[in-house]
Protein chains: 2
Amino acid sequence: MVAMNESTKTLGDTAFQRLKAMILDGTLEPGTLLREKKFADLLGVSRTPVREAIGLLISEGLARRVDGSTPVVSRVSLSEIMEILHARSLLECETARKAAQSMQAVETLLPFRARILGFLEGPRPESRVHSDLDAQLHLEIARLAGSKLLCELIEGLKTRTRMFDQGSIPERLLPGCYEHLAIIDAITAQQPETAAAAMKLHLTNVREAIIARINHPF
Amino acid sequence: MVAMNESTKTLGDTAFQRLKAMILDGTLEPGTLLREKKFADLLGVSRTPVREAIGLLISEGLARRVDGSTPVVSRVSLSEIMEILHARSLLECETARKAAQSMQAVETLLPFRARILGFLEGPRPESRVHSDLDAQLHLEIARLAGSKLLCELIEGLKTRTRMFDQGSIPERLLPGCYEHLAIIDAITAQQPETAAAAMKLHLTNVREAIIARINHPF
DNA sequence: GGCGTACACTGTGTATACAGAAAGTGGTGA
DNA sequence: TCACCACTTTCTGTATACACAGTGTACGCC
């Protein structure tokens, strides 16, 4: 086929992005079988690009091969979430620390501060909007820290729990905002250890909230 | 084709493993173009499994797509090595700390201790042998720490610099042995902070050695 | 009626065919 | 000699064909 559509991307890439989006927004629930032909028909392409897309999903941890064939959308277990938050804590305390020594911290983070304040003053934002800001903020802090590798690692870890974030703990919205503000303020005040502590507290609180939610689902 | 050879693995997997081995042992130098047909002929399979193998190599960071097509074996820059060692330090100080609280530490690590002592007493081992032990030891410590995720992350980071390890700094052999012993002893003595410090020192020394080697190549 | 076998269906793994793009290659003209 | 253009080669991306494995179903046999 001709391919090379408007976005100068391959069908495999677009298939990957579309499937990833479907997983992250919950359209494809954990456990869903990723049958190549089914999604080939759905996306209007052949199995080949779908195959490539599924391979990428697996390498990002969003899908898994259980017994050897027919991959499924990953069901992230509680212990896996704990491990991810643990690893993120190890990495992100450092990025917060390093970001606090960056010269561009203020100009980079002020827009985030404004958006969060908007959340606090205005109407409750859609969970998706807040989730996006959350992801962008953590990534931007890693970028300020100056390590491309840490950016990649943190982004990869964060996406794995992204479908779990999605508004599943609404009572975390306000605390999350305040914690993010504390992190931003410590970084822009160039206080590395305060920033690291704020990040650690934030991720610990997320962890506690998830545990509490598991124990008392309603 | 019939496939399903003796090892019950797909051709794609075996192609991946063979290409990976060729990259890690230096047969395929950084910058080598990974042309699908070339390696399909070389491995005696069609382009399809080679394509899958290359995708896996890219997802592991061992290969890259530079401008959009024709992937190449990754050339790991000095700054990337520094970033990898930095990230490993963040993760592995923690695994050392946690491993020191594990009940199976002694029985797991004593064989490593014996092998390292063998290196010190007997003839100088091949660099590949030492490199393998190095990788296994760091992985085993992560396993003792009890986090599957940390195992995966550390293993992934370590393989990215593996082709760089390969005997490129022979004068690190002895110090490396002693540092490994110090880590093992601290862990088996159940001293978490000592273990973390030993790990940090080890990775810092590796870093210093690489920098020194860059500045004084001979 | 229960059980076993044959067959059809579905799904993946692999090979191959084909189109379009990029990169040589050679030849011609200034 | 150098520049430019056509042709060929080679590469990737994509679609498709086919083989094998697993699964379920229906039919026949006991």
Side-chain angles (χ1 to χ4, degrees), chain A residues 1-20 22-23 28-75, chain B residues 1-20 22-23 28-75:
Chain A
M1 196 55 62
V2 177
M4 287 300 140
N5 54 3
E6 72 286 350
S7 58
T8 321
K9 287 207 164 178
T10 67
L11 293 182
D13 283 337
T14 58
F16 167 61
Q17 288 171 355
R18 290 187 60 182
L19 288 181
K20 181 173 175 177
M22 289 168 80
I23 292 174
L28 262 38
E29 294 185 7
T32 306
L33 287 170
L34 293 173
R35 294 208 190 87
E36 292 169 5
K37 182 147 194 328
K38 174 180 170 187
F39 291 95
D41 294 345
L42 182 69
L43 301 179
V45 297
S46 80
R47 280 176 54 210
T48 310
V50 172
R51 204 149 213 290
E52 189 182 324
I54 291 176
L56 291 173
L57 291 174
I58 291 174
S59 76
E60 283 206 1
L62 293 173
R64 279 174 201 159
R65 287 209 140 79
V66 276
D67 61 333
S69 71
T70 316
V72 300
V73 176
S74 292
R75 187 183 305 281
Chain B
M1 197 54 62
V2 178
M4 285 304 138
N5 53 4
E6 72 285 352
S7 59
T8 320
K9 286 205 165 184
T10 67
L11 294 182
D13 283 337
T14 59
F16 167 61
Q17 288 170 355
R18 290 188 60 181
L19 288 181
K20 181 172 175 178
M22 290 169 80
I23 292 174
L28 261 38
E29 294 186 6
T32 307
L33 288 171
L34 293 172
R35 294 213 188 84
E36 292 168 6
K37 181 144 193 329
K38 175 180 169 187
F39 291 94
D41 294 345
L42 183 69
L43 301 179
V45 298
S46 79
R47 280 176 54 212
T48 310
V50 173
R51 206 149 211 290
E52 188 183 325
I54 291 176
L56 291 172
L57 291 174
I58 291 174
S59 76
E60 282 207 2
L62 293 173
R64 280 175 201 157
R65 287 210 137 79
V66 275
D67 60 335
S69 72
T70 315
V72 301
V73 177
S74 292
R75 185 184 305 281

Qualifying residues under side-chain hydrogen bond (donor to acceptor under 3.5 Å, both in side chains), relative to Ser74(B), sequence neighbours excluded: Arg64(B)

Considering all heavy atoms, the nearest Ile58(B)-Pro71(B) contact: CD1-CB, 4.1 Å

Atom-pair distance (CD1 on Ile58(B); C1' on dT12(D)), nearest Å: 12 Å

DNA chain C-proximal residues of residues 34-49 of chain A, any heavy atom under 4.0 Å: Leu34(A), Arg35(A), Glu36(A), Arg47(A)

Rounded distance (Å) that lies between atom P of dT14(C) and atom CD of Glu52(A): 16 Å

Which atom pairs, one a donor and one an acceptor, fall under 3.5 Å between side chains of residues 39-47 of chain B and the rest of the protein, sequence neighbours left out?
from, atom 1, to, atom 2, distance (Å)
Asp41(B), OD2, Lys37(B), NZ, 2.9
Ser46(B), OG, Thr48(B), N, 3.3
Arg47(B), NE, Glu36(B), OE1, 2.9
Arg47(B), NH2, Glu36(B), OE1, 2.8

Short side-chain N/O contact to dG11(C) OP1/OP2 from Arg51(A), under 4.0 Å: no

Distance, nearest 0.5 Å, that separates CE of Met22(B) from CG of Leu57(B): 11.0 Å

Rounded to 10 degrees, the angle between the two terminal axes of the helix from dG1(C)-dC30(D) to dA30(C)-dT1(D), each from five pairs: 10°

Whole angstrom value for the distance that separates P of dC11(D) from CD1 of Ile54(B): 12 Å

For Thr32(B) against Leu28(B), the heavy-atom pair lying closest together: OG1-C, 3.8 Å

side-chain contact (heavy atoms from CB on, under 4.5 Å) partners for Arg75(A), two or more places apart: Pro30(A)

Rounded interatomic separation in angstrom, taking CG from Leu11(B) and P from dA19(D): 16 Å

Between dG20(C) (P) and Lys9(A) (NZ): distance, integer Å: 23 Å

Approximate separation, where rounding is to 0.5 Å, of Ile54(B) CD1 and Leu62(B) CG: 12.5 Å

Atom CD of Gln17(B) with >12 non-hydrogen neighbours under 6.0 angstrom: yes

